[in-house]
4 protein chains.
Amino acid sequence: MQAPSESPGTGEQQADEVRSGRDATVTRRALVRAARRRFATDGYRATTVRQIASDVGVNVALINRYFGSKEGLFEACMNRTVDELDTANRAPVVGIDDVIGRLITHVVESPNADDPLQLLLLLRSSGDENADRIRRRTLESFTRRLAGAAGWSTGDPGTEHLLVRAQIAMATMLGLVMLRTSTGVQPAASATSDDLTGPLGEVFRVLLADPGSASRA
Amino acid sequence: MQAPSESPGTGEQQADEVRSGRDATVTRRALVRAARRRFATDGYRATTVRQIASDVGVNVALINRYFGSKEGLFEACMNRTVDELDTANRAPVVGIDDVIGRLITHVVESPNADDPLQLLLLLRSSGDENADRIRRRTLESFTRRLAGAAGWSTGDPGTEHLLVRAQIAMATMLGLVMLRTSTGVQPAASATSDDLTGPLGEVFRVLLADPGSASRA
Amino acid sequence: MQAPSESPGTGEQQADEVRSGRDATVTRRALVRAARRRFATDGYRATTVRQIASDVGVNVALINRYFGSKEGLFEACMNRTVDELDTANRAPVVGIDDVIGRLITHVVESPNADDPLQLLLLLRSSGDENADRIRRRTLESFTRRLAGAAGWSTGDPGTEHLLVRAQIAMATMLGLVMLRTSTGVQPAASATSDDLTGPLGEVFRVLLADPGSASRA
Amino acid sequence: MQAPSESPGTGEQQADEVRSGRDATVTRRALVRAARRRFATDGYRATTVRQIASDVGVNVALINRYFGSKEGLFEACMNRTVDELDTANRAPVVGIDDVIGRLITHVVESPNADDPLQLLLLLRSSGDENADRIRRRTLESFTRRLAGAAGWSTGDPGTEHLLVRAQIAMATMLGLVMLRTSTGVQPAASATSDDLTGPLGEVFRVLLADPGSASRA
DNA sequence: AATGAATGAGGTTTCATTCAT
DNA sequence: GATGAATGAAACCTCATTCAT
């Protein structure tokens, strides 16, 4: 849907990363935001630091000055995403239905470029062992939080199977976000909230809220 | 200390792509197979044509001779994947349970690198507009086949919602395959057939076989 | 993981270049001293102005403010070295044995980084034509002073050969200083005063004090 | 005497490195020769691989293809120099006078750019720990060979002092070669064989052939 | 007077591709 | 038909320097 942009020098994204002028903090943040979008959209290898710098409107050297390297910038993106996920989930979890609602919201709003989950789409290794470890850990922590809301507690063998179920739920969400955003597959790409809420609710409930109900049918 | 480069055996994958000597057709096929594995494992950008040529044991220039360019080779990989999926699905679809079983099998066996579906996982694989279109079309055709098995028929408004449901099922499968293969997230990466069959069956059934059952509960 | 760069303490040398606060003259001198050490130790190209500024604890921009450019700073170092050599040699030259003793002392104490001769070690230090001329002139003046102590007088053809002999003596000194300091070759690097005084004395005497004695043997 | 060549794009040296056309061995050798000259003249850091490639008339990428990196090329230069020194010294050593004659020849012919000793002038560290070790080892081995010709034998405490004496002789040679070639100091730079042979002979003899003679005088 | 922010030029390296043998 | 040699474009990064505050 959006052009893939191997083409040199087009740069279709540099739109709204405005900087006020000479404030390092602002520039850093703008760089991270632009980078996250590029990384999520085009992948680590295909993204060039020149693109990112040009998106923000600064010189390439600033990236190395602030983040040391392309990998450093990537890790900064990961960390920022982790932070956002953390604060987003610091809200009290009232119940499993609450969590399910959030999952659905994530999917529905995913074409929104700023959704931090987009970064998680980088399921393919970046070549940077460190960043890959961060990503793996983040996904696993997300899994545990989900499983916890469904009743899993550490070390309780009776609830161990909920970990796998939570991860399947997460996989569903990730897969759909992927199809909707980068791949642009129909009908997922243009499905509305109404189209998705119903079936997604069934899936998440059968996995997390009412395990075994389907087979009981 | 000296120049490293060309020596065969740098990569870890060049194992079984043996060539029988000087048969152009055989070499072509071997190149496509090796390329697909590399592309699926490392991504388009991170894969170098030298790796692929070295895996097969031929000169790099052959790739350009046979396929014109790296992109040409990638498209050949996509087309081959489409072909294999087609012939694999030419078998008569006896029922929805049959299809669900196949989906589960895909997920369970996904760590085996030769699954043709893996190539479809590449988020924005190449920047090659053509290959992207092929992948999109393949995924949509896969969706329709799945929906068809669940009762969807072209142009029947009453079954239109099954398309979205089928695509959610596909997303679940793709997401899980990703987690299991490239990301290596636990517990998905090491989950056994027994761990997965149950919950996956519930999800796929609630989506395709028994729509609405969960909400009826 | 984050940007490394600027933190003071990266290098190993920033030790005793303390500044007393905000005195331009003091800062200038501290910069020259730190720079000379870096240039002598690491070479012109390998030395970065950021290192030097960090050694002294001031902002990088000051170097350009005070010296115009990196080359300007280098020339300031050269000039300072020339000055120090001049004042050091303003002491009356009592005799050739005195001079020989000083040469030996230079070699023996050369591992002490502050010996201004180290700067002369920079073979083709900067690519700065101006600095190169300064160095060449300094070395030639040093040669003449040495030859003068051995009996050479300007324009006297009968003592002209003493210039070459003096320069050979200087070359011996420079070569040894190099081996002892930057190259770290054994046994020169760890040779003591006792090890060196004897043979060096013979060499310098045969060159400057008693020309032809060896061949007379 | 030759311009130092920070200036971009001049390249005063690319003269006689002619290649026949498409022979890798020839090209490799030409690269090593050109590189050695540049490294010896300008130093490791100041030499750019673009210059070297341009001297030979090939593309820069070839350097990385053949030698892996700039450091690899530098090490190849070192190794080649070591080889040449080895074969040059494989000739039977008839006596100490023979060796002394060779030392003098080295100095006299040093302005000749192809003298392998020029590389040893890089007494300043290249930043490559490996190359530095090779260089140190080469210098020490050279010292031992020289000392051996003067009567030193491993483990004999009575001849141990000859090691230092041999190294002083080497330092004299290196220092003079340096002054004659890269620094261009007068009168060393333009001294003829007649000017040098006499005094150098005295120095080397007093160090190696007749230790103590001068002090006996 | 002095600092932190930002720039631009240039260096090494990688890689797909083309050229001759 | 196939191979090794060689090229050119582009990527990341470093560093001296200049710009505003």
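Below, chain A is the first sequence line, B the second, and so on; all start at residue 1.
A/Phe67 places its CZ atom 13 Å from the P atom of E/dA5, with the value rounded to the nearest Å. Between C/Ile52 atom CD1 and F/dT14 atom P the separation is 18 Å, expressed in whole Å. Atom pair A/Leu62:CG and F/dC15:P shows a separation of 16 Å (rounding to whole Å applied).
Remark: B/Arg133 engages B/Asn130 in a side chain to side chain donor-acceptor pair (under 3.5 Å) (not counting sequence neighbours). Shown here are the salt bridge (charged side-chain N to carboxylate O under 4.0 Å, His left out) partners of D/Arg45, two or more places apart in sequence or in another chain: there are none. Looking at residues two or more places apart in sequence or on another chain, you find a salt bridge (charged side-chain N to carboxylate O under 4.0 Å, His left out) between C/Arg80 and C/Glu84.
Closest non-hydrogen pair, C/Phe67 versus C/Arg28, comes out as CE2-NH2, 3.7 Å.
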Note to self: Set out, in order, the CA-CA distance, both residues' side-chain angles and the distance that settles side chain to side chain contact (heavy atoms under 4.5 Å, CB included) for A/Thr25 and A/Arg29, then state yes or no.
What the structure shows: CA-CA 6 Å; A/Thr25 319; A/Arg29 196 163 5 210; 3.9 Å; yes

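Sorted by first then second residue, the ring-ring contact (aromatic ring centres under 6.0 Å, His included) pairs that include residues 24-50 of chain A, not counting sequence neighbours, are A/Phe39-A/Tyr44, A/Phe39-A/Phe74, A/Tyr44-A/Phe74.
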Next item on the list: Using Watson-Crick or G-U wobble pairs with both distances under 3.5 Å, give me DNA chain E in dot-bracket, 5' to 3', with [ ] for crossers and | for pairs to another strand.
Entry: .||||||||||||||||||||

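Contact annotation: D/Tyr66 side-chain N/O to F/dA6 OP1/OP2 distance is under 4.0 Å.
A donor-acceptor contact shorter than 3.5 Å links the side chain of D/Gln51 to the backbone of D/Thr48.
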Next item on the list: Treat primed atoms plus P, OP1 and OP2 as sugar-phosphate and everything else as base, then score nucleotides 14-21 of chain E 5' to 3': B for base contact with protein heavy atoms under 4.0 Å, S for sugar-phosphate contact only, - for none.
Entry: BBBBBBS-

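Put simply, the residue from C/Arg33, C/Arg38, C/Arg37 that forms a side chain to side chain donor-acceptor pair (under 3.5 Å) with C/Asp55 is C/Arg38.
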